> 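Structure incoming, see below.
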There are 2 protein chains.
Amino acid sequence: MNIELNVSRMKVIIISVTMKDVARKAGLSIATISKYINGGNVLKENRVIIDKAIKELGFEVNEIARGLKTNKTMTVGLLIPSLENIFFTSILSNIESILIDKGYSTIICDYKEDKSLEKQKLDFLVKKMVDGIVTMPMGCDLEIINSVIGRNIPVVLIDRALKGVDCDAVLVDNLNASYNAVEQLIILGHKRIGIICGPDDIYTAQERLRGYERVHEDYAMTVDHKLVKKGDYQIESGYRLLLELIKMKEPPTAVLVTNYEMTLGAIMAINESDIKIPDDISFIGFDNLQLAKVVKPPLSIVIQPVKQIGEVAANMLLKRLRGDGSSFPSMVRLKTELILKDSVRKIGD
Amino acid sequence: MNIELNVSRMKVIIISVTMKDVARKAGLSIATISKYINGGNVLKENRVIIDKAIKELGFEVNEIARGLKTNKTMTVGLLIPSLENIFFTSILSNIESILIDKGYSTIICDYKEDKSLEKQKLDFLVKKMVDGIVTMPMGCDLEIINSVIGRNIPVVLIDRALKGVDCDAVLVDNLNASYNAVEQLIILGHKRIGIICGPDDIYTAQERLRGYERVHEDYAMTVDHKLVKKGDYQIESGYRLLLELIKMKEPPTAVLVTNYEMTLGAIMAINESDIKIPDDISFIGFDNLQLAKVVKPPLSIVIQPVKQIGEVAANMLLKRLRGDGSSFPSMVRLKTELILKDSVRKIGD
DNA sequence: TTGTAGGCGTTATCAA
DNA sequence: TTGATAACGCCTACAA
């Protein structure tokens, strides 16, 4: 036990009180203290004594030392594509809250949408001996993920699936998210519906486009590929692509924009043009409820269950960390919510 | 050394190779291996042997075990008000990149703008025995910060200062940020300049308002307090307060909005009204260059040195972690950049 | 230059 | 129920 006397403030700071100290104070052995801490059998009267000693000394278990014995670090790694995307960080926020409650700390890494960085950071997490990992994968590098799983480190995938990886996953039903949104537009009589998609190589973007295509099939409508715009999930591309759409010879009467940043850009573009929502174009955006409420008219929007994603992922990981390997691998597909507001209108026939 | 044979894939996975294993393979003692790892004196020929053994076994130092001896965890705590604010997370992203390069992992916590959570998370970080902490404090609770510093854990404050805390800090010159922005508007002939501020109890908001006031003093202009709107740094308040400003009997001819979210809301409000930038109102926003470029006309904007804040903070902490206590406490005040675009115009006299 | 031995703060085994 | 005692993987005097 180190005692540090801060004379200038007359305050005593005690650091690193160990079980040894508690044992001495309680007049018992270290082994008994350890048992008490870990819920073993200790005489009732001794429990009181130990409890008192712990409180008085301000003892706290040294997790590092414990980790050395137990091979647990009480740490989980969280790996996301970017820390500069509010959708990702919101999910992190929820995961972190839940895990911290259970005593886990989280090492958060972002790989800046870079596949080689993704691998590096994953290696880093493994080296730091995290007990588990939650990741939004980008590369299709199931090799790496599998090597992590092979080390008996539970991994939970979120947002993006990886074909060929046997691994728990929490996904969003992106396909039906866009299916339902576009279907509403079709029901309202729209025949030419534009979509601003994300990059081809991103799982969620593929699925959202697929939903758009399938609903067209189901309603026996052919897709005009000129109405399908591929963006990069950034503000600027939403802005640019929306302008492209409305400047077409035969512009769409409705449009679905498939993430927050692009929705933002698209709204900016519309605001600056002379076309009006919903008179000239019906509009459905994605992801950010706060934004949708502020815009006039209120924006119709597809909401992803951000909170739920975090909860499910965190609890799934906690389950594995508890050693519960039942129904592995389990894949949860969460539903989005479609909020329809005045930004969409019926098309007269 | 545990060897695990994954028969189904015929792949051998070796986990936890220890120095002991390396020592055995190299025919030397553990102490020698340790010396080699830590740069001690080892015979050149033995260096080769050890190096070979390490490579073949894929040995990596167990940082946990090392930490037990050295009292270092090679982990730093990053504590921010919210993970759902891109300004904060961008800074994190930069700090994380730098620290990870030096072998440090980061435990990122957010306190959801809640003072009691802030204290809890700080305690949590201390309990996790982080080697250092970077935090954006909210509470004026210098008591807590001081207790951390008292434990010899270096702390670097960012974005927000804490009066009475002797502590390294990386700040932004918020006062002159708004001073310069408003000054430009004054130079262009504006007499009635509105400002949309953040909450009174947030350091940056106080400073930005102070800059607005001081430039008025310096130009011998009286502040019309009806032009000073207090928001909460969220989209909605930017939207609402801008509407309040333009609906005044005597509306301002120019406005400064003092963070990203409120800038976004304000732009939305303007777009939906019938007033035009810059003809009816000159506009200067804050923080997000990407947004500013997309809007038409391009937005004048105050840019905070996000990247630099992260760099300076990370390097300052690394310096302390190296044990370099020189010029403590050091406070760095970084300058913002004012980018003037077509969203501001000259007022004819 | 190398190796032996003790210790970091826990946990876990096995007698007592 | 309790308490020696031996790990866990690494570092570090000190001795060889």
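Order of the sequence lines sets the chain letters (A, B, ...), proteins ahead of strands, with each chain counted from 1. This structure is a prediction, so every number in the text was calculated from the model and none was measured.
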> Checking Y36(A) against D51(A): is there a side-chain donor and acceptor pair closer than 3.5 Å?
yes
> Specify the separation, in whole Å, of atom CD1 of I33(A) and atom P of dG3(D).
8 Å
> Is N41(A) near enough to dT1(D) that one of its side-chain N or O atoms lies under 4.0 angstrom from OP1 or OP2?
yes
> Atom CD1 of I64(B) and atom C1' of dC11(D): how far apart are they, to the nearest Å?
16 Å
> Considering every strand and a 4.0 Å limit on heavy-atom distances, what is the contact class for E45(B): base, sugar-phosphate, or nothing?
nothing
> Reckon R66(B) has a side-chain N or O less than 4.0 Å from the OP1 or OP2 of dC11(D)?
yes
> For K127(A) and E60(B): C-alpha separation, side-chain torsions, deciding distance, then whether salt bridge (charged side-chain N to carboxylate O under 4.0 Å, His left out) applies.
CA-CA 8 Å; K127(A) 186 174 171 208; E60(B) 280 183 346; 5.3 Å; no
> What integer distance in Å separates M19(B):CE from dA7(D):P?
20 Å
> With the side chain of L43(B) defined as its heavy atoms from C-beta on, choose the nearest nucleotide among dT1(C), dC10(D), dT4(C).
dT1(C)
> Check every atom of dG9(C), dT11(C), dC11(D) against the side chain of A65(A) and return the nucleotide holding the closest atom.
dG9(C)
> Under 4.0 Å, heavy atoms only, any strand: does F59(A) hit a base, just the sugar-phosphate, or nothing?
sugar-phosphate
> Write down the distance between CG (D21(B)) and C1' (dC10(D)), rounded to a whole number of angstrom.
13 Å
> Once you round it to whole Å, what is the distance between P of dG7(C) and CG of N71(B)?
17 Å
> Begin with the C-alpha distance, continue with both residues' side-chain angles, and end with the deciding distance and a verdict on salt bridge (charged side-chain N to carboxylate O under 4.0 Å, His left out) for D21(B) and K25(B).
CA-CA 6 Å; D21(B) 301 314; K25(B) 178 138 197 149; over 6 Å; no
> Which atom pair, heavy atoms only, marks the closest approach of S330(A) to M316(A)?
OG-CE, 3.6 Å
> Taking only nitrogen or oxygen atoms into account, show me every contact under 3.5 Å that the protein makes with nucleotides 12-16 of chain D, one pair per line with its distance.
none

> Just call it for L28(A): base, sugar-phosphate, or nothing, with non-hydrogen atoms closer than 4.0 Å on any strand.
sugar-phosphate
> Would you tell me if any nitrogen or oxygen in the side chain of S29(A) comes within less than 4.0 Å of OP1 or OP2 on dG3(D)?
yes
> Whole-Å distance between dT10(C) P and K20(A) NZ?
11 Å
> Going by atom types only, do T75(A) and K128(B) share a side-chain donor-acceptor pair under 3.5 Å?
no
> Just how far, in rounded Å, is P of dT1(D) from CD1 of I50(A)?
13 Å
> Pairs of donor and acceptor atoms involving the side chains of residues 91-101 of chain B, under 3.5 Å and at least two apart or interchain, shall be tabulated with distances.
residue : atom : partner : partner atom : Å
S93(B)  : OG   : D110(A) : OD2          : 3.1
S93(B)  : OG   : K112(A) : NZ           : 2.8
N94(B)  : ND2  : S90(B)  : O            : 3.2
E96(B)  : OE1  : K121(A) : NZ           : 2.8
E96(B)  : OE2  : K121(A) : NZ           : 3.2
S97(B)  : OG   : K112(A) : NZ           : 3.0
S97(B)  : OG   : S93(B)  : O            : 2.9

> To the nearest Å, how far apart are E63(A) CD and dC8(C) C1'?
16 Å
> Between V22(B) and A53(B), which heavy-atom pair has the shortest distance, and what is it?
CG1-CB, 4.0 Å
